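In what follows, residues are counted from 1 in the order of the sequence shown. Computed from a predicted model, the values in this text were never measured in an experiment. Below, each value reflects all heavy atoms present in this structure, side chains not excepted, and no hydrogens, waters or symmetry copies.
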Amino acid sequence: MMVSLVILAAGQGSRMQSDLPKVLHPLGAAPLVVHAMRAGRALDPDSVVVVVGHGGDAVAQVVHAEDEAAIVVTQEAQLGTAHAVAQARAALAGAPGDVVVLYGDTPFIRGETLNAMIAARKIHDVVVLGFEAADPGRYGRLVTTGDTLERIVEFKDASEAERAITLCNSGVICADRATLFDLIAQVSNDNVAGEYYLTDIVALATAKGLSAGVVTCPEAETLGINTRTELAQAEVTFQARARAEALEDGAILVAPETVYFAQDTVVGRGAIVEQFVVFGPGVTVENGATIRAFSHLEGAHVSRGAVVGPYARLRPGAELSENVHVGNFVEIKNAALGEGAKVNHLSYVGDATIGARANLGAGTVTCNYDGVFKHHTEIGEGAFIGSSTMLVAPVRVGAEAMTGSGSVITSDVPDGALALGRARQDTKPGLGKRLMDRLRAAKAAKMKG
Ligand code: UD1
Ligand code: CA
């Protein structure tokens, strides 16, 4: 079955009290709209249309970064959810199959739930995702007779009896594309809010003799974000789930409640993640790697047997091969470290390629930035970089080469060579003690006088 996805993301989200469009607020280090897009991916959609309004350009940028092929359409004025979906009509003209409508501010919908809706389309022309609300509040109510959904009534327009219904509308809706847009064309704004309600298509469908049905999911899945408080609570929920999923997948979390995941974090079976580790976006930790306490990782790949931290920072482009060791107070950015390479203490490795088994001593720094351009450092296999070596890029240290401690390396070092880039030591016999004695005497004289 061919499926298209329409994600509504035009609302202002004024209750967020934010300059950022609501759907760009991060949850698990990914913008809310990206969560909706990733949930929709479970349907393997042929087209994805995102309806934007407020902050449209910024939203479009994020949408395209996630999916180049996504189509962004603009809803100039927010006249209601039916009007929003109508903006996708031209983009989906002629698309065969179903359309699933999702909200950009509802990040917890699971792929399985969306697939259950598609499956229910075999029975009903229109399928709505509903949930039993603990507190139905201002949600739209689903008016059902047996298995059939008769209509959806918005809270504002509902009678007392209808408000007593606890089966609520999540907003996710699915129908054949042609049917959906035909029904939407008939929606009016004759209601208390003066809006074009997408929910009205259910009554319009049943009036035509089409059938509508409900698929239900847990309330937690349909949670929408409207305020910063809700976003903060959603983050708590997200982290709890991410930890549980990581544990289920076989990761070893020593203190799960202290580990923070991003939406796309992958931690392999038997990988150890110690206390207080933070994952930003784009991190994969392979089976059997160890991330020690207080480390911060983003955009990084850590292979089997590698050990990171404690107190390490991996920034985007950090590529650690098997059995690499990155120790305390080490920062790695845009650098590939070959198998078994070691950077154990107090170092910065940026824009670099480090050969297998190379050992970078304490305080090694790749001086990669000249104030305007970034330059590359290459260190060959098995090279030994003495402590506190400054590698002024662009520069290459050959395989099996060495640099003396405290060297400033400004030109390439051939394979197997030793490079010393430091002032020669000058030693004056006895002078240290004589100098110290003189200073102590001066101090004593001063105290007396
Ligand atoms: C909507 C449903 C309601 C349901 C609730 C679930 C309608 C009429 N009502 O109500 O039955 O219980 O969601 O949360 O559909 N949007 C646009 N353009 C618009 C209007 C809305 O893009 O013109 C987007 C919003 O950004 C938001 C989503 O659609 O992501 C829902 O809109 P919102 O105004 O929050 O609908 P509710 O009143 O909450
Ligand atoms: Ca809402």
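- In summary, Arg315 and Glu298 do not engage in a salt bridge, as defined by a charged side-chain N under 4.0 Å from a carboxylate O.
- No side-chain donor-acceptor contact under 3.5 Å links Asn323 to the backbone of Glu339.
- Within a 6.0 Å sphere centred on CZ of Arg228, heavy atoms belonging to other residues, nucleotides or ligands number more than 12.
- We find that Lys156 and Glu154 are not joined by a salt bridge, their nearest charged nitrogen and carboxylate oxygen being 4.0 Å or further apart.
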Show your working on side-chain hydrogen bond (donor to acceptor under 3.5 Å, both in side chains) between Lys22 and Asn226 and close with a plain yes or no. CA-CA 8 Å; Lys22 176 160 81 171; Asn226 298 296; 3.1 Å; yes
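- By the neighbour-count criterion of 12 heavy atoms within 6.0 Å, atom CD of Glu132 is densely surrounded, having more than that number from other residues, nucleotides or ligands.
- Atom NZ of Lys342 and atom CG of Leu360 lie 11.5 Å apart (nearest 0.5 Å).
- Side-chain contact between Met390 and Ile409: absent, with no pair of heavy atoms (C-beta onward) separated by less than 4.5 Å.
- Closest approach of His301 and Glu319 over heavy atoms only: ND1-OE2, 2.7 Å.
- Side-chain rings of Phe238 and Phe261 stay apart, their centers remaining 6.0 Å or farther from each other.
- Arg422 is listed as a side-chain neighbour of Ser405, based on a closest heavy-atom distance under 4.5 Å.
- Side-chain contact, Arg38 with Gln263: a donor N or O sits under 3.5 Å from an acceptor N or O.
- Atom-to-atom distance recorded for His54:NE2 and Leu24:CG is 13.0 Å, nearest 0.5 angstrom.
- The closest donor-acceptor contact from the side chain of Ser18 to the backbone of Leu20 lies under 3.5 Å.
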Given the rule in the side-chain contact (heavy atoms from CB on, under 4.5 Å) test, do Val273 and Val267 qualify, once you have shown the distances and angles that lead to the verdict? CA-CA 9 Å; Val273 181; Val267 179; 4.0 Å; yes
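- Under a cut-off of 6.0 angstrom, the local environment of CG in Asp19 is sparse, with at most 12 non-hydrogen atoms contributed by other residues, nucleotides or ligands.
- The CG atom of Asp98 sits 9.5 Å away from the CG atom of Leu43 when rounded to the nearest 0.5 Å.
- Contact of the Leu129 side chain with the Cys217 side chain is registered, since non-hydrogen atoms from C-beta on lie closer than 4.5 Å.
- Between the side chains of Ser4 and Arg177, no donor N or O sits under 3.5 Å from an acceptor N or O.
- By the 4.5 Å heavy-atom criterion applied to side chains, Val128 and Val172 are not counted as neighbours.
- At a threshold of 4.5 Å between non-hydrogen side-chain atoms, the residues Ile184 and Ile201 count as touching.
- Looking only at atom types and distance, the side chain of Thr389 has a donor-acceptor partner in the side chain of Thr403 under 3.5 Å away.
- Every pair tested for ring-ring contact (aromatic ring centres under 6.0 Å, His included) that includes a residue from residues 397-449 fails, sequence neighbours excluded, so the list is empty.
- Atom CG of Leu320 is separated from atom CD of Glu286 by 11.0 Å, given to the nearest 0.5 angstrom.
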One pair to check against side-chain hydrogen bond (donor to acceptor under 3.5 Å, both in side chains): His83 and Gln78. What are the steps and the verdict? CA-CA 8 Å; His83 181 259; Gln78 279 67 63; over 6 Å; no
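- Other residues, nucleotides and ligands contribute only 12 or fewer heavy atoms inside 6.0 Å of the OH atom of Tyr311.
- Side chains of Val283 and Val266 form no contact here, defined as non-hydrogen atoms less than 4.5 Å apart.
- Annotation: cation-pi pair Arg357/Phe384 absent, no NZ/CZ under 6.0 Å from the ring centroid and within 45° of its normal.
- Between the side chain of Ser295 and the backbone N or O of Ala312, at least one donor-acceptor pair lies under 3.5 Å.
- Between Arg396 and Asp415 the shortest side-chain heavy-atom distance falls below 4.5 Å.
- For the atom pair Leu439 CG and Lys443 NZ, the distance stands at 10.5 Å (nearest 0.5 Å).
- No hydrogens or angles considered: a donor-acceptor pair under 3.5 Å links the side chains of Glu221 and Thr113.
- Applying side-chain hydrogen bond (donor to acceptor under 3.5 Å, both in side chains) to His375 and the options Thr366, Asn368, Asp351, Asp370 leaves one that passes, Asp370.
- Taken to the nearest 0.5 Å, the CZ atom of Arg292 stands 9.5 Å off from the CD1 atom of Ile272.
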